[in-house]
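Both backbone and side-chain heavy atoms feed into the values below; hydrogens, waters and symmetry mates do not. Whatever order the structure lists them in is the order used to number ligands and atoms, beginning at 1.
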Amino acid sequence: MTTSPTVVARETYHAVIGMEVHAQLQTVSKMFCSCSADYWEAAPNSHVCPVCLAMPGVLPVINEAAVEQTVRTGLALNCEIAPFSVFARKNYSYPDLPKGYQISQYELPLCHDGWLMIDGDDNQPRRIGIRRAHLEEDTGKTIHMDGVSLVDLNRAGVPLLEIVTESDLRSADEAYRYLVKLRTILRYLGVNSGDMEKGAMRCEVNLSLRTAEQATRGEYGVKVEVKNLNSFKAVRDSIAYEVARQTVVLDSGGSVQQVTMGWDEDRRRTVLQRSKESSEDYRYFPEPDLPPLELSSEWIEAVRTTLPELPDARIARFTGNYGISRQDAEVLTAERGIAEWFEEAVRAYEGSPREVANWVTGELFALLNTQEGDITALDLSPDDLAALLALVDAGVINRNTGKRVLAEMVSTGQPPQAIIDAQGLAQVSDEAGLAAVVDAVLAANPDAVAKYRDGKTSLLGWFMGQVMKETRGKANPDVVRGLLAKRLNTQE
Ligand code: ZN
Ligand code: MN
């Protein structure tokens, strides 16, 4: 929980929130040179060259794959793709920025005016406008230790996609859902790893409060920015904190200052970083070392054909065509790999897709939780799951044995029939054989039999359990239930 100030608001304030996300693109090389973009855990300053070290006289070259990934993302976010866009210099000075400027885009971004649907707090679909998505380069990293500051430029020049929303978000939870949705889409597109711990997505929030009356007049409050949020939870917590903090300021008759804040995870509060800089401070101007980027409509349309089926379309198809619940469909489409694995199993299985969904979201995910695994990394093929379900349907094994066999399949990678054969797990449906077991159980428990016949019919389940124990879980439960009912309900 956030340790927000306790608020008894005199006014009801409505939050107006915009979000900026910096997402690292998954290219092989950096944005403007041929250095490897895979800098994680590499020796410091080992992925550098004269271009990303900003040596005099060098020239940048645009990475086509980064442009392609940006356009792909723009199309998935329903953006207009600019046929003509321009790189710009954003000038500022910092030790991890050797050039003294960042190559970014300013007036003419690659993608603009898109949207993304999320579930609003009222459970109704909410359209979140995407103002722009532009391409830029990452900075290096400054590491402060033992009284010195060290600079590692391996990350300098890694392609970054900056995605900026309109101020359409209205709460901490909406902001959180927006980020989860965006991350899912970026991972579907294969343009970002979504790995927050490695800084693959970094978030900035801008937020202001206004009264309902101000809203009807189309007025806005003073905007505060919160920067360097490295987890979605930090985004949610910092918004909740700022709403509470600004409410206190406004209620006491004060005014909110336009500032840039950071989030202190340990103290669980926002902290002042600096008074707000404006875009004029960066002295943006068109990058003289790069030509404008011109994209033909044919090329853009060719990129469009590479778009995968996105999560929303997939959820609609899973609920519509397969008849599975929306909740299951959401879980099954959260990762593209899981969705594709599930569909392969559905294709391989002759029964209902809902049955496959039940086994995957129930049994299989429970097994994965204990192993912290990912379904696609398992030594379990969709075909083998389909084969297991067919064996349960055919009565070769009962459902409970099926669960045991699945666990064995996951840990050994063996197909189901091999496990059933090796462990002698095939279901016993033979009536004569099972009747002998039932009789033995009844003979061994005369007291329970008497109680049952005295009216305690709930003991039937206990008798079932005894027979299952004797047959090591292999008995056909329908046959056993029939035999028990017949024997117990016939007074001797
Ligand atoms: Zn380089
Ligand atoms: Mn940026």
J.: Taking the six-membered ring for Trp and the single ring otherwise, decide whether the centroids of F87 and F32 are under 6.0 Å apart.
T.: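 That pair passes the under 6.0 Å test.
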J.: Quick check: does H47 put an N/O/S atom under 2.8 Å from the Zn ion (ligand 1)?
T.: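 It does not; every qualifying atom lies at 2.8 Å or beyond.
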J.: Is L209 close to V16 at the side-chain level, that is, under 4.5 Å between some pair of heavy atoms?
T.: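 No. Closest side-chain heavy atoms not under 4.5 Å.
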J.: Closer than 2.8 Å to the Mn ion (ligand 2): does that hold for any N, O or S atom in E162?
T.: yes
J.: Pairing donors with acceptors under 3.5 angstrom, does anything connect the side chains of T211 and H14?
T.: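 No pair is found: no donor N or O on one side chain lies under 3.5 Å from an acceptor on the other.
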J.: Kindly report the SG-the Zn ion (ligand 1)-SG angle for C35 and C52 respectively, rounded to 10°.
T.: 110°
J.: Verify the distance criterion only: is there a donor paired with an acceptor across the side chains of E265 and W263 at less than 3.5 Å?
T.: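 W263 and E265 do have a side-chain donor-acceptor pair below 3.5 Å.
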J.: About how large, to 10 degrees, is the angle SG of C33, then the Zn ion (ligand 1), then SG of C49?
T.: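 Approximately 110° at the metal, rounded to tens of degrees.
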J.: By atom name, which N, O or S atom of E136 is the nearest to the Mn ion (ligand 2)?
T.: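 So the atom name we want here is OE2.
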J.: Y282 and Y101: aromatic ring centres closer than 6.0 Å?
T.: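 Aromatic pair excluded; centres sit 6.0 Å or further apart.
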J.: Is H22 close enough that one of its N/O/S atoms sits under 2.8 Å from the Mn ion (ligand 2)?
T.: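 It does: H22 brings an N, O or S atom closer than 2.8 Å to the Mn ion (ligand 2).
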